[in-house]
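Residue numbers start at 1 and run along the sequence shown.
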Amino acid sequence: MKVVIVGAGNMGLAMAKGLKSSGFSVTLASRANPKLQSLSSEFEIEIIDNNYNIDGKNIILAIKPNALKWFANIISGKANLIISVLARTNLEQIQTLNSDAHAICLPNIAAKNRASINPYMANAQTDNIEHILNGFGKAVKFDSKAEFDAASIISGCAPAYLALVAEAISNAAVRSGLKTNDAKAMTSGLFTSFATLINDTHPALIKDSICSPAGTTIEGVYELEKAGVRSAFMQAVNSSLTKQRG
């Protein structure tokens, strides 16, 4: 299947790499810029000027949200499918673009490793939507905007929260005497091993299975609870959600 990704920023490029490794034919489309030209050896390139024909194309729209009006004004024809990954943009706004089917999705940059979790909403039942989204991760469908917004914070924003956690743990390891490279390797391994646990075990059960009476782990957990880490994460999700819905 051929997919056109309109926009060659970090998210667009991450999806392009994931889709290509899944066997999709990928075209990057954007206004002319040096970065786009440098990718011509890896992807097909389309330069968008004052008129862009979308007829029959499967499009992932990965431009800036404030560029949506610009894109709507320059397109002609009717797309087969348009999937938007624009933040703070609802399905009704995307449905103003001429296409047989529309969807909104908020993935994350793990798409480049085909590991993004991809919440989405759609106005039509089509296997092509999930086929494309599963090409760079795992598609999860939601039927209400409220659910989609909450899920999108977990997929799109929470990786940045976890990056702060990873950086703090790595820095703490260096402070405790590990070399920087060793600290990074241990932190990376920690997240890899934790992913296998969280896949089928409740977080509270993981915590309880590690903490022994008067042990070293519960001392660290106590300090985190005393510092309000749990409430801080809950507030971070709420703040991002408020921004998303604003």
Side-chain angles (χ1 to χ4, degrees), residues 1-29 54 56-68 71-72 75 78-162 199 237 240-246:
M1 176 184 289
K2 184 171 184 177
V3 176
V4 179
I5 299 177
V6 179
N10 291 338
M11 192 66 245
L13 190 55
M15 293 184 293
K17 290 181 176 179
L19 287 171
K20 185 177 180 180
S21 67
S22 292
F24 286 76
S25 173
V26 180
T27 297
L28 286 175
I54 63 172
K57 294 178 178 178
N58 297 306
I59 293 175
I60 298 179
L61 196 56
I63 55 179
K64 299 293 185 183
N66 59 13
L68 179 59
F71 184 75
I75 58 174
K78 186 177 185 180
N80 177 55
L81 168 63
I82 294 179
I83 300 173
S84 164
V85 299
L86 279 62
R88 301 187 300 279
T89 304
N90 59 42
L91 189 56
E92 288 73 22
Q93 290 172 284
I94 300 305
Q95 287 178 146
T96 61
L97 306 176
N98 197 11
S99 179
D100 289 328
H102 303 81
I104 56 174
C105 174
L106 279 182
N108 59 58
I109 57 173
K112 64 183 179 181
N113 300 319
R114 298 165 59 188
S116 173
I117 185 73
N118 303 319
Y120 79 96
M121 291 182 67
N123 69 341
Q125 294 292 335
T126 167
D127 292 339
N128 285 342
I129 295 174
E130 290 211 350
H131 181 53
I132 291 172
L133 297 181
N134 286 333
F136 53 84
K138 180 180 180 181
V140 183
K141 188 175 187 295
F142 292 92
D143 295 321
S144 76
K145 184 63 163 54
E147 290 177 312
F148 171 79
D149 283 343
S152 71
I153 300 307
I154 304 305
S155 63
C157 300
Y161 310 160
L162 295 181
N199 190 51
V237 171
S240 290
L241 183 57
T242 300
K243 181 73 172 183
Q244 167 72 1
R245 289 175 172 167

Fill in: Verdict with supporting geometry, Asn118 and Val85, side chain to side chain contact (heavy atoms under 4.5 Å, CB included)
CA-CA 10 Å; Asn118 303 319; Val85 299; over 6 Å; no
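- Two residues are said to be in side-chain contact when any heavy atoms from C-beta on lie closer than 4.5 Å; Val140 and Leu133 fail this criterion.
- The neighbour count for Lys112 NZ, taken as heavy atoms of other residues, nucleotides or ligands under 6.0 Å away, does not exceed 12.
- Of the inter-residue distances, the one linking Arg245 atom CZ with Asp149 atom CG reads 5.0 Å to the nearest 0.5 angstrom.
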Worksheet item: Between His131 and Phe24, does a side chain to side chain contact (heavy atoms under 4.5 Å, CB included) hold up when you go through it step by step?
Response: CA-CA 10 Å; His131 181 53; Phe24 286 76; 3.6 Å; yes
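- Around CG of Asn134, the count of heavy atoms belonging to other residues, nucleotides or ligands within 6.0 Å exceeds 12.
- Residues Met11 and Ile109 are in side-chain contact: their nearest non-hydrogen atoms beyond the backbone lie under 4.5 Å apart.
- Lys141 approaches Gln125 most closely through the heavy-atom pair CE-NE2, 3.6 Å.
- Of all heavy-atom pairs between Leu106 and Ser152, the closest is CD1-CB, 3.3 Å.
- With hydrogens and angles ignored, the 3.5 Å screen pairs no side-chain donor or acceptor of Glu130 with any backbone N or O of Asp127.
- Nearest heavy-atom pair across Lys20 and Val26 is N-CG2, 3.9 Å.
- To the nearest 0.5 angstrom, Asn98 atom CG is 7.5 Å from Ile82 atom CD1.
- Side chain of Ser21 to main chain of Leu19: no donor-acceptor pair is present (N/O by atom type, distance under 3.5 Å, no hydrogens or angles).
- For the residue pair Tyr120 and Cys105, the shortest heavy atom distance occurs at CB-CB, 4.0 Å.
- Rounded to the nearest 0.5 Å, atoms CD1 (Ile83) and CD1 (Ile104) are 11.5 Å apart.
- Atom NZ of Lys64 sits in a sparse spot, with 12 or fewer heavy atoms from other residues, nucleotides or ligands closer than 6.0 Å.
- Here the side chains of Lys17 and Phe136 are not in contact, with every heavy-atom distance at 4.5 Å or above.
- Interatomic distance, Asn90 CG to Gln244 CD, rounded to the nearest 0.5 Å: 10.0 Å.
- The neighbour count for Leu91 CG, taken as heavy atoms of other residues, nucleotides or ligands under 6.0 Å away, is above 12.
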Discussion item. Side chain to side chain contact (heavy atoms under 4.5 Å, CB included), that's the test. Do Ile153 and Tyr161 meet it? Break it down for me.
Written reply: CA-CA 11 Å; Ile153 300 307; Tyr161 310 160; 3.9 Å; yes
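- The minimum heavy-atom distance linking Ala62 with Gly12 is given by the pair CB-CA, 4.1 Å.
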Practice prompt. Evaluate the criterion side chain to side chain contact (heavy atoms under 4.5 Å, CB included) for residue pair Ile54 and Leu97; output intermediate values, then yes/no.
Written response: CA-CA 10 Å; Ile54 63 172; Leu97 306 176; 5.7 Å; no
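- Checked options Ile59, Ile132, Ile60, Val3; the residue passing with Leu81 is Ile132 (criterion: side chain to side chain contact (heavy atoms under 4.5 Å, CB included)).
- Under a 3.5 Å cut-off, the side chain of Asn80 and the backbone N or O of Asn58 do not form any donor-acceptor pair.
- Atom OG of Ser99 sits about 7.5 Å away from atom NZ of Lys78, to the nearest 0.5 Å.
- Residues Ser116 and Asn108 share a closest heavy-atom pair of OG-N, 2.9 Å.
- Looking at Ser84, its side chain does come within 3.5 Å of a backbone N or O of Leu86 through a donor-acceptor pair.
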